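Working notes for the structure below.
This is a predicted model, so every value here is computed, not measured. A note on names: the letters A, B, ... follow the listed sequences, proteins ahead of strands, and every chain is numbered from 1.
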2 protein chains.
Amino acid sequence: MNRIFRALADSTRRDILRRTLFTDVSVSQLADSYEMSFAAVQKHVAVLEGARLVTKEPRGRERMVRGNLDRIRQAQILLDRFDEIWRSRIDRLDILLAESDPAPPDT
Amino acid sequence: MNRIFRALADSTRRDILRRTLFTDVSVSQLADSYEMSFAAVQKHVAVLEGARLVTKEPRGRERMVRGNLDRIRQAQILLDRFDEIWRSRIDRLDILLAESDPAPPDT
DNA sequence: TTATTGTACAATCAAATGGTTGTATCAGAG
DNA sequence: CTCTGATACAACCATTTGATTGTACAATAA
C-alpha cells in the first residue's frame with residue numbers, strides 16, 4: 001500500500017498512469033511528453049512498476065507500458081474502508097446518544 | 001493531491017487517520033500507541049494536517065486531532081476517474097472492433 | 001507556587017527521492 | 001555489417017523525509 005500511494009503522490013506519475021490506462025504507449029513515447037530527460041521518465045515508470053500500478057511488455061525493441069487497474073482498486077478499497085470507519089463512528093455516537101436519552105415515561 | 005497521497009503513503013499515518021476518524025484523540029494519546037518518539041508522531045500528524053486530512057483543535061492543554069473525510073473523498077474521486085478512463089478505453093476498443101467488422105451481408 | 005503534562009519547534013542525521021549525465025546493450029533499418 | 005533508436009543501468013547531486021534529542025512554553029495538578 002505504501003508503494004501504491006507513494007507512486008500516486010506525483011503528478012507526472014499520475015499522468016503516466018492515466019495515459020497507460022487509456023492507450024498502449026512505449027517508454028519513449030511517454031518520455032517525449034514531459035520536460036525531463038528520458039532517464040527521469042524511465043524512473044517514474046519504474047516507480048509505478050514497483051507499485052505494480054503498471055506492467056511492461058516488450059514489443060519489438062520498445063517496452064509497452066500498461067496500466068494495472070487491479071492495483072488502483074486496492075487503493076480504492078482502502079479509502080472506502082476509511083469511509084466505513086467514519087460512518088461507524090456516526091453510528092456509535094447515535095447509540096451513545098440513545099443511551100443517554102431520558103428513561104421512557106413511567107406509563 | 002500530491003500531499004494527500006504522500007500523506008497516505010505511510011502505515012503509521014494511515015493508522016493515525018483511521019483512529020482520528022473513529023474517535024477523538026489527542027496527539028499524546030496517539031504518541032502512546034507507537035514505538036517512536038512523541039516528536040515523530042507529532043510530525044506525522046503535521047504531515048496529515050498539511051494534507052488537510054486531519055485538523056487539530058485545542059481542548060484544555062491538549063490538541064484533539066480529527067480526521068477530515070472530505071479530503072479522503074477527493075482522493076477517492078481521483079481514483080474513480082482512473083476507473084472511468086479504463087472503462088472508456090474498453091469502450092473505445094469496442095468501437096474500433098465494431099468498425100473493423102465485416103460489412104453486413106448484401107441484402 | 002511549584003511540579004507535571006502536553007505541545008511546539010529547532011537542530012541534527014541517515015536514508016530515500018527526483019533529477020541529471022554517461023555508458024552499455026539490443027533490436028531493427030539501410 | 002553498420003548506424004540508429006529504445007531501453008537499461010550506474011554514478012552523482014540537491015532536496016526531502018523520517019527519525020532523533022533538546023529546549024521552551026502553556027495549562028493543569030498538587
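Counting only heavy atoms from C-beta on, A/A40 has its side chain closest to C/dG19 among C/dG19, D/dT21, D/dA6. Side chain of B/Q42, nearest nucleotide from D/dT7, C/dT7, C/dG19: C/dT7. Distance from the side chain of B/S28 is smallest to C/dT7 among D/dA19, C/dT7, D/dA8. Nearest to the side-chain atoms of A/K43 among the listed nucleotides D/dT7, D/dG18, D/dA11 stands D/dA11. Distances from the side chain of A/A39 to the nucleotides C/dT20, C/dG18, D/dT7 place C/dT20 closest. Candidate nucleotides C/dG19, D/dA8, D/dA6 were compared by shortest atom distance to the side chain of A/H44, and C/dG19 ranks first. Ranking D/dT7, D/dT20, D/dA19 by closeness to the B/S37 side chain, first place goes to D/dT20.
A salt bridge links A/D83 with B/R73: at least one charged nitrogen is closer than 4.0 Å to a carboxylate oxygen. A salt bridge is defined here as a Lys NZ or Arg NE, NH1 or NH2 lying under 4.0 Å from an Asp or Glu carboxylate O, and B/D70 with B/R52 fails to meet this definition.
Between A/D10 atom CG and C/dG19 atom C1' there is a gap of 11 Å when expressed in whole angstrom units. What separates CE of A/M36 from P of C/dT20 is a distance of 7 Å, to the nearest Å. At whole-Å resolution of the value, CZ in A/F5 and P in D/dT17 are 18 Å apart. Atom CZ in A/R14 sits roughly 12 Å away from atom P in C/dG18 (whole-Å rounding). Rounded to a whole Å, the OH atom of B/Y34 is 15 Å from the P atom of D/dG18. Going from atom CZ of B/F38 over to atom C1' of C/dT4 covers 14 Å, rounded to whole Å. Here D/dT17 presents its P atom at 9 Å from CZ of B/R13, a figure rounded to the nearest Å. As rounded to whole Å, 8 Å separates atom P of C/dT7 from atom CD of B/Q29.
Evaluation of atom-type donor-acceptor distances gives a pair under 3.5 Å for the side chain of B/R61 against the base of C/dT5.
For C/dG18, one of the phosphate oxygens OP1 or OP2 lies less than 4.0 angstrom from a side-chain nitrogen or oxygen of B/R6. Phosphate proximity of C/dG6 to B/R59: absent, as no side-chain N or O sits under 4.0 Å from OP1 or OP2.
Judged by closest nucleotide on DNA chain C, B/S26 is the one of B/S26 and A/R63 placed further toward the 5' end.
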> side-chain contact (heavy atoms from CB on, under 4.5 Å) between A/S26 and A/V65: does it pass, once the steps are laid out?
Replying inline: CA-CA 6 Å; A/S26 66; A/V65 185; over 6 Å; no

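Residue-environment remark: CZ (B/R3) stays at or below the threshold of 12 foreign heavy atoms within 6.0 Å.
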Show me the donor-acceptor pairs, under 3.5 Å and distance only, between side chains in residues 43-51 of chain B and residues at least two apart or in other chains.
unit_1	atom_1	unit_2	atom_2	d
B/H44	ND1	B/R13	NH1	3.2
B/E49	OE1	B/K56	NZ	3.3

